[in-house]
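Below is one structure, written out as structure tokens, with a few remarks after it.
Order of the sequence lines fixes the chain letters, A, B, ..., with proteins taken first and strands second; residue numbering starts at 1 for each chain.
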There are 2 protein chains.
Amino acid sequence: MKEGPDIARLAALIGDPARANMLTALMSGKALTASELAAEAGVTLQTASAHLAKLDQGGLLRQRKQGRHKYFTLAGSEVAAVLEALMGLAAGAGHLRSRTGPRDPELRKARVCYNHLAGDLGIRLYDSLVARGFLTLGEAGLDLSEAGRSFMQRFDLDLADLATRRSPLCRECLDWSERRSHLAGSLGRALLGRFEDLGWARRVEGTRIVRFSPKGEAAFRRRFPLSGQGG
Amino acid sequence: MKEGPDIARLAALIGDPARANMLTALMSGKALTASELAAEAGVTLQTASAHLAKLDQGGLLRQRKQGRHKYFTLAGSEVAAVLEALMGLAAGAGHLRSRTGPRDPELRKARVCYNHLAGDLGIRLYDSLVARGFLTLGEAGLDLSEAGRSFMQRFDLDLADLATRRSPLCRECLDWSERRSHLAGSLGRALLGRFEDLGWARRVEGTRIVRFSPKGEAAFRRRFPLSGQGG
DNA sequence: CCCATAGTTCGATGCTAAACGAAGCATGAA
DNA sequence: TTCATGCTTCGTTTAGCATCGAACTATGGG
């Protein structure tokens, strides 16, 4: 009866606490099983199964069967974008559900957003690439320049392989704690993977935190300097 | 019990069809009365009143009393950002609630997003300003350059006045039909107002459409050219 | 084959919230 | 004051849906 996309359906889907917890857990970018998601949400497996079916039917999740496990991931970066926007609004409105715990600074510093690096260091990565002309914000959105391509190849990323993915190579993503852009897309994902391969950083089990080793962080800051200061 | 902002609360607030309709109506940027919003949502005034109280308490709306009317607007651009993200997801997932009517192309060409110009022409505006170096995407987010300031002053915008607003001068906003950035913030709002003052465009009552006159559109395209082509 | 684990389906229960009629305030006009 | 309009509050009805126990299916291992 009204024009426009059906917002209410999707929002109601996210609006249940159990489902919201599941989606938040999936923001880590990892594929989780139904049991793990049930635990995250604090409900029994039967209840979780019903919720997951709804989320799947609503197009928010993608599922993949492997043996007797069923792995779920977010359906795409657009879903992650909605969740980030909601988190930003909730954080801004002061609706934090719990006191900011001791591990909050870690979250603020470096965390995984869907599948790429966010937080202070994620912003630094983005800013550095933009400042040096490796990323350009042209008419067609964010793009990797010629100089950026050779930089990434020197960093041992296989751009040809990334180009075959369905998701765009570069995408901006707005950070909820900092309200700043950082790099998403398959390039953002690949960079995070490379940081892990290099031993610079690793994800902390069960959280969205990305913990850099002291040496890793130093190397990161050297490799991705900001124009003005040393960091 | 879980870390992170309370997404579910906000999503549930948006997840009711009546409330979603109200919020969608408010995306026009206009202030609407409780009665108007009741009509938009297709519910009685009592029901609407209850919904509006919840939305207000949830921090999604701002209200202002004037005589015996009560005017509602969205609480801020962050709320609009969430709604746009949801619309983008819904549109992408094919969950359009009605067939794309004849006035859809008009929406796609130029529409109001919260309070600024979106659609093809909104993207053109943004791209043109960026290409000419008037807007720069620096470390601190989107910014108006020196050249941009003098351009805006020649366009009869009072930047000193805009600087006094609480909302940031420039902000990126992602478009749901085009998936491209366009200009939000108080500058985006002021520009749209200027287009209307100049008689280039006017909003179509009761919709989000911004209709440019032929002469107005020509002037707009002349004033905001794209680098390569004439457009 | 038997058992354990992972997930689904079904049915019953109970809670929440949306909806509206009716009455109550408040504001403005005559 | 009296009336009309705009909105709120109250109380009731109704409907949807989240939750879980219990039973069922499927996969893998010994």
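With sequence neighbours excluded, no residue forms a ring pair (Phe, Tyr, Trp, His ring centres under 6.0 Å) with A:H51. Considering only residues two or more places apart in sequence or on other chains, B:D158 meets the side-chain hydrogen bond (donor to acceptor under 3.5 Å, both in side chains) condition with none of them. Remark: A:R68 engages no residue in a side-chain hydrogen bond (donor to acceptor under 3.5 Å, both in side chains) (not counting sequence neighbours). For B:S49, there are no side-chain contact (heavy atoms from CB on, under 4.5 Å) partners at least two apart in sequence or on another chain. Taking the salt bridge (charged side-chain N to carboxylate O under 4.0 Å, His left out) definition, one finds that B:E36 meets it with nothing, sequence neighbours left out. When the side-chain contact (heavy atoms from CB on, under 4.5 Å) test is applied to A:R202, no partner is found at least two apart in sequence or on another chain. Listed by chain and number, the residues in a side-chain contact (heavy atoms from CB on, under 4.5 Å) with A:A110 are A:L117, A:L121, A:V210, A:F212 (sequence neighbours excluded). Contacts of B:Q46 classified as side-chain hydrogen bond (donor to acceptor under 3.5 Å, both in side chains), with partners at least two apart in sequence or in another chain: B:T44.
No side-chain donor-acceptor contact under 3.5 Å links B:R211 to the backbone of B:V204.
Looking at which nucleotide of DNA chain D each of B:Y71 and A:A50 is closest to, the 5′-most match is held by B:Y71.
The footprint of chain A on DNA chain C, defined by a heavy-atom cutoff below 4.0 Å, extends from C:dA4 to C:dT9.
Look at CG on B:L61: it is 14 Å from P on D:dC7, rounded to the nearest Å. Between the CG atom of B:L52 and the C1' atom of D:dG6 there is a distance of 13 Å, given to the nearest Å. Distance CG (B:L37) to C1' (D:dG6): 13 Å, rounded to an integer number of Å.
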Could you write out each protein N or O paired with an N or O of nucleotides 25-29 of chain D at a distance under 3.5 Å?
| residue | atom | partner | partner atom | Å |
| --- | --- | --- | --- | --- |
| D:dT27 | O2 | A:R68 | NH1 | 3.1 |

Interface polar pairs with nucleotides 16-18 of chain D, N/O, under 3.5 angstrom:
| residue | atom | partner | partner atom | Å |
| --- | --- | --- | --- | --- |
| D:dA18 | OP1 | A:R19 | NH2 | 3.3 |
| D:dA18 | OP2 | A:K54 | NZ | 2.6 |

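For residues 190-201 of chain A, the side-chain hydrogen bond (donor to acceptor under 3.5 Å, both in side chains) pairs, not counting sequence neighbours, are A:D156-A:R194.
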